Amino acid sequence: MTSRPVLLVIAHGSRDPRHAATVHALVRRVRARRPGLRVETGFLDFNIPSVPAVLESLATEGVRDVVALPLLLTRAFHAKADIPAVLREAPARLRIRQAQVLGPSPLLTAALERRLYEAGLTPADKSSTGVVLASAGSTDPEAIAVIAEIAREWRHTGWCAVRPAFASASLPRTEDAVRELRALGCARVAVAPYVLAPGFLPDRIARGAAEADVLADVLGPAPEVARVLLDRYDEARVPVPVALGA
């Protein structure tokens, strides 16, 4: 029986210690959901172990197969450039498959709602509540379009309105989206951070939510997020059949 590939979760890293603590909490939940699966964590910057160090260690141990999973919500620069560049420098004896980023996924939308309800809302509040879907932001048009589409789809589940907002690189900012929802006549306004861990930009989102009625927590180690990680791992480790003649 062929052993399962090691799952290497690749996080961005941050000077803020809450970031790494949240990443490790999420990884612990992933391990609990899939006993027997080896899960390692590597960081692109600021934290240790670095991704190259983890890959070198795995190769030294004799590991052959690795699924590298970007701990990212959108397919922006890090997923398209940074992570592939790091993986190309890995020891040649490793067979590495890069999994898809986490979002978009209905499970992540469910995690956003979980955080809003934990912050005090109830399902009965949906029709009278406007939600700001607040992401970190990106200069990548594809990533921005994905956030806007998630907001449009989420609106159809019964919220008064849903507006995207960005902590950097793009507009509108969280505070502007909050004011827009007030102007629309929503009875209350909630901010749902579409970010995985605390840090500089999530703190900026929180400051922008000062005039909102509800501020949800980051997604963090929500069970839905752990399920998405394992889904992406499973998708990456099973080869896609190629049609004959293709």
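Since this is a predicted model, take the numbers as computed values, not measurements.
- Two residues are said to be in side-chain contact when any heavy atoms from C-beta on lie closer than 4.5 Å; Arg232 and Ser105 meet this criterion.
- Using a 4.5 Å heavy-atom cutoff, the side chains of Pro84 and Gln98 are in contact.
- Taking CZ from Arg97 and CG from Asp65, the interatomic distance works out to 6.0 Å, rounded to the nearest 0.5 Å.
- Residues in residues 34-50 take part in these side chain to side chain donor-acceptor pair (under 3.5 Å) pairs, two or more places apart or across chains: Arg34-Asp234, Arg38-Glu40, Arg38-Glu61.
- Between Arg173 and Asp176 there is no salt bridge, since no side-chain N of the basic residue sits under 4.0 Å from a carboxylate O of the acidic one.
- Looking only at side-chain heavy atoms (C-beta outward), Leu71 and Val23 come within less than 4.5 Å of each other.
- Counting only heavy atoms from C-beta outward, the side chains of Arg163 and Leu133 never approach each other to under 4.5 Å.
- Between Ala222 and Ala111, the shortest heavy-atom contact is CB-CB, 4.2 Å.
- Closest of all the heavy-atom pairs between Pro5 and Val67 is CB-CG2, 4.0 Å.
- Looking at heavy atoms from C-beta onward, Leu73 lies in side-chain contact with Leu219 at the 4.5 angstrom threshold.
- Between Glu224 and the options Arg33, Arg115, Arg114, a salt bridge (Lys or Arg N to Asp or Glu O under 4.0 Å) holds for only Arg114.
- Smallest separation of non-hydrogen atoms from Pro202 and Val195: CG-CG2, 3.9 Å.
- Hydrophobic clustering of Ile, Leu, Val, Met, Phe, Trp and Tyr side chains at less than 4.5 Å, counting indirect connections, keeps Val162 apart from Leu184.
- Side-chain contact check for Leu107 versus Asp231: some heavy-atom pair is nearer than 4.5 Å.
- Listed here is the closest heavy atom pair of Leu121 and Arg188: CD2-CD, 3.5 Å.
- Comment: Asp140 does not engage Arg75 in a salt bridge, judged by the lack of any side-chain N to carboxylate O separation of less than 4.0 angstrom.
- Hydrophobic clustering, with ILVMFWY side chains joined whenever heavy atoms are under 4.5 angstrom apart, keeps Leu181 apart from Ile150.
- Counting heavy atoms from C-beta on, the side chains of Leu230 and Leu37 come closer than 4.5 Å.
- Taking hydrophobic clusters as Ile, Leu, Val, Met, Phe, Trp and Tyr residues chained together by side-chain heavy-atom distances below 4.5 Å, Val9 shares a cluster with Leu102.
- Phe200 shares a hydrophobic cluster with Leu201; the chain of contacts runs through ILVMFWY side chains whose heavy atoms sit under 4.5 Å apart.
- A distance-only check finds a donor-acceptor pair linking the side chain of Arg29 to the backbone of Pro221 [under 3.5 Å].
- Using a 4.0 Å cut-off between charged nitrogen and carboxylate oxygen, Glu142 and Lys80 count as a salt-bridge pair.
- Val218 and Val178 fall within the same hydrophobic cluster, where Ile, Leu, Val, Met, Phe, Trp and Tyr residues are linked whenever their side-chain heavy atoms come under 4.5 Å apart, directly or through other members.
- In this structure, CZ on Arg31 lies 9.0 Å from NE2 on His24, to the nearest 0.5 angstrom.
- The CG atom of Leu171 sits 9.0 Å away from atom CZ of Phe166, with the distance rounded to the nearest 0.5 Å.
- For Thr22 against Gly220, the heavy-atom pair with the smallest separation is CG2-CA, 3.6 Å.
- Nearest heavy-atom pair, Leu229 versus Leu69, reported as atom, atom and distance to 0.1 Å: O-CD1, 3.2 Å.
- Between Trp159 and Trp154, the two ring planes are perpendicular [angle over 60°; tilted spans 30° to 60°].
- Open room surrounds CZ on Arg15; 12 or fewer heavy atoms of other groups in view lie less than 6.0 Å from it.
- Both Val131 and Tyr194 belong to a single network of hydrophobic side chains, linked directly or stepwise wherever heavy atoms of I, L, V, M, F, W or Y lie under 4.5 Å apart.
- Under 4.0 Å is where a charged nitrogen must lie from a carboxylate oxygen, and between Lys126 and Glu113 at least one such pair does.
- No hydrogens or angles considered: nothing links the side chains of Ser168 and Arg204 as a donor-acceptor pair under 3.5 Å.
- Applying the 6.0 Å contact sphere to CD1 of Ile48 captures no more than 12 heavy atoms from other residues, nucleotides or ligands.
- At a threshold of 4.5 Å between non-hydrogen side-chain atoms, the residues Tyr233 and Arg4 count as touching.
- The number of heavy atoms from other shown groups lying within 6.0 Å of CD (Gln100) does not exceed 12.
- Through chains of ILVMFWY side-chain contacts below 4.5 Å, Ile83 is grouped with Val6, Leu8, Ile10, Leu44, Val51, Val54, Leu55, Leu58, Val63, Val66, Leu72, Val86, Leu87, Leu94, Ile96, Val101.
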